[in-house]
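Atoms considered below: every heavy atom in the structure, side chains included; atoms not considered: hydrogens, waters and symmetry mates. Protein chains get the first letters and strands the later ones, always in sequence-line order, with residue 1 at the start of each. Because the structure is predicted, anything quoted here is derived from the model rather than measured.
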Number of protein chains: 2
Amino acid sequence: MPYPSRLPRNQQAVLDVLSQQSHPLSAQELYGVLRQQQLIGLATVYRALETLKLRGLVQSRADTSGESLYSPVEQDQHYLTCLQCGRSFPLDRCPVQELEEHLQYSVPFKVYYHTLEFFGICEPCIESVD
Amino acid sequence: MPYPSRLPRNQQAVLDVLSQQSHPLSAQELYGVLRQQQLIGLATVYRALETLKLRGLVQSRADTSGESLYSPVEQDQHYLTCLQCGRSFPLDRCPVQELEEHLQYSVPFKVYYHTLEFFGICEPCIESVD
DNA sequence: TAAGCGAATGATAATCGTTCTCATTATACT
DNA sequence: AGTATAATGAGAACGATTATCATTCGCTTA
């Protein structure tokens with residue numbers, strides 16, 4: 001697992017904000033929060049996220065609206081996501097951990113994290129499906 | 001599982017092309033293929049994909065470059081995806097099927113399909129990681 | 001401590017996938 | 001056939017992300 005002894009300031013700031021949140025943030029939301037703390041450009045936020053992803057510290061998933069949502073890798077990332085309204089409901093159980101550990105030994109690929117997402121229609125939306 | 005007796009022509013055409021491919025296609029690639037067969041607009045391709053997703057017949061996942069890749073739901077969708085080069089390597093084993101079936105009875109949510117993706121660095125890229 | 005140099009930054013323009021708009025066309029129903 | 005309704009294609013609009021570039025920061029070396 002790549003873990004540099006110290007992170008550049010902006011990367012650290014981005015990671016801190018993500019860790020303080022209990023839910024994934026978009027890059028633009030992140031930018032809004034960081035702007036209240038310091039002078040920072042949107043491009044820098046994207047650059048920091050890119051690097052943090054490559055280091056296996058941050059993960060992203062695509063919102064149904066197209067934008068990416070970012071969260072620290074430690075955070076569980078298993079959802080029921082409604083195709084109609086786009087809302088995501090977190091799941092607690094993860095049956096994949098052991099497979100991930102097994103993969104580490106069986107494939108030439110360094111796994112940082114995984115995502116597991118179930119797609120369908122949530123109860124409130126079921127009635128409104130055409 | 002929602003399965004209308006007959007699909008509108010364009011939705012059927014989109015589904016046919018996706019089913020003929022052995023790998024997921026972007027909306028733009030799909031548009032290119034369809035244009036060789038018939039007169040169709042890009043907006044219609046997106047509209048058809050949207051509807052097919054809501055019907056649980058097509059699924060999408062985000063490419064590392066940001067665009068969405070579409071494939072029929074029947075197709076297995078489990079990958080090792082390299083954060084560096086973006087290439088995806090399909091996995092055969094799926095440990096989640098039974099959890100999905102269990103979910104159907106334990107949550108108020110109609111599950112159409114799931115995605116499982118492992119992210120990390122592939123062997124060829126490991127050397128080039130800074 | 002000052003000078004020099006390469007990497008990082010912020011502002012903004014450019015890019016590109018996706019969605020919206022709207023005039024036109026196809027479809028369904030009577 | 002006649003009319004209402006939905007679907008379509010073309011292209012404009014949108015918005016998230018990426019590229020550009022002049023400036024600033026951080027570090028090394030004199």
Where do [X] and [Y] come nearest, in terms of heavy atoms and distance?
| X | Y | value |
| --- | --- | --- |
| Gln28(B) | Leu42(B) | OE1-CD2, 4.1 Å |
| Phe118(A) | His114(B) | CD2-CB, 3.4 Å |
| Ser88(B) | Thr81(B) | OG-OG1, 2.9 Å |
| Pro24(B) | Leu69(B) | CB-CB, 3.8 Å |

task = Sugar-phosphate atoms are those with a prime plus P, OP1 and OP2; base atoms are the rest. Using that split, label each nucleotide of nucleotides 19-25 of chain C B, S or - for protein heavy atoms under 4.0 Å, 5' to 3'.
result = BBB----
No-hydrogen, no-angle side-chain donor-acceptor test under 3.5 Å, Arg9(B) and Gln38(B) =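 Judged by distance alone, the side chains do not pair up.
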inquiry  = Regarding Gln20(B) and Asp16(B), do their side chains bring together a donor and an acceptor under 3.5 Å, going by distance alone?
reply    =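 The answer is no; no qualifying pair exists.
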message = Closest-nucleotide mapping onto DNA chain D: is Gly66(A) or Ile40(B) further toward the 5' terminus? I mean the 5' end.
response =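 The residue closer to the strand's 5' end, by nearest nucleotide, is Ile40(B).
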message = If we ignore hydrogens and angles and just use 3.5 Å, is the side chain of Gln59(B) paired with the main-chain N or O of Val73(B) as donor and acceptor?
response =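 The answer is yes, because a donor-acceptor pair under 3.5 Å joins these two groups.
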key: Flag, side chain of Glu29(B) to backbone of Ser26(B), donor-acceptor distance under 3.5 Å   =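 It does hold such a pair.
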query = First contact, last contact: which nucleotides of DNA chain D are these for chain A, 5' to 3', heavy-atom distance under 4.0 Å?
reply =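 First and last nucleotides in contact are dA16(D) to dG26(D).
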Provide, to the nearest angstrom, the distance between the [atom1] atom belonging to [X] and the [atom2] atom belonging to [N].
| X | N | atom1 | atom2 | result |
| --- | --- | --- | --- | --- |
| Leu25(B) | dG17(C) | CG | P | 14 Å |
| Asn10(A) | dA7(C) | CG | P | 17 Å |
| Gln11(B) | dA26(C) | CD | P | 19 Å |
| Gln28(A) | dG10(C) | CD | P | 15 Å |

ask   = Which of these nucleotides, dG10(C), dT27(C), dG17(C), is closest to any side-chain atom of Glu67(B)?
value =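 It is dG17(C).
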query = Under 4.0 angstrom, heavy atoms only, what part of the nucleic acid is Ser68(B) near: base, sugar-phosphate, or nothing?
reply =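 Answer is sugar-phosphate: Ser68(B) comes under 4.0 Å of backbone atoms only.
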key: Arg9(B) vs dA26(C): side-chain N/O to OP1/OP2 distance below 4.0 Å   =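 Answer no for this pair, as no side-chain N or O of Arg9(B) is under 4.0 Å from OP1 or OP2.
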key: Glu50(B): side-chain contact (heavy atoms from CB on, under 4.5 Å) partners, not counting sequence neighbours   =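 In terms of side-chain contact (heavy atoms from CB on, under 4.5 Å), with neighbours along the sequence ignored, Glu50(B) is linked to Leu54(B).
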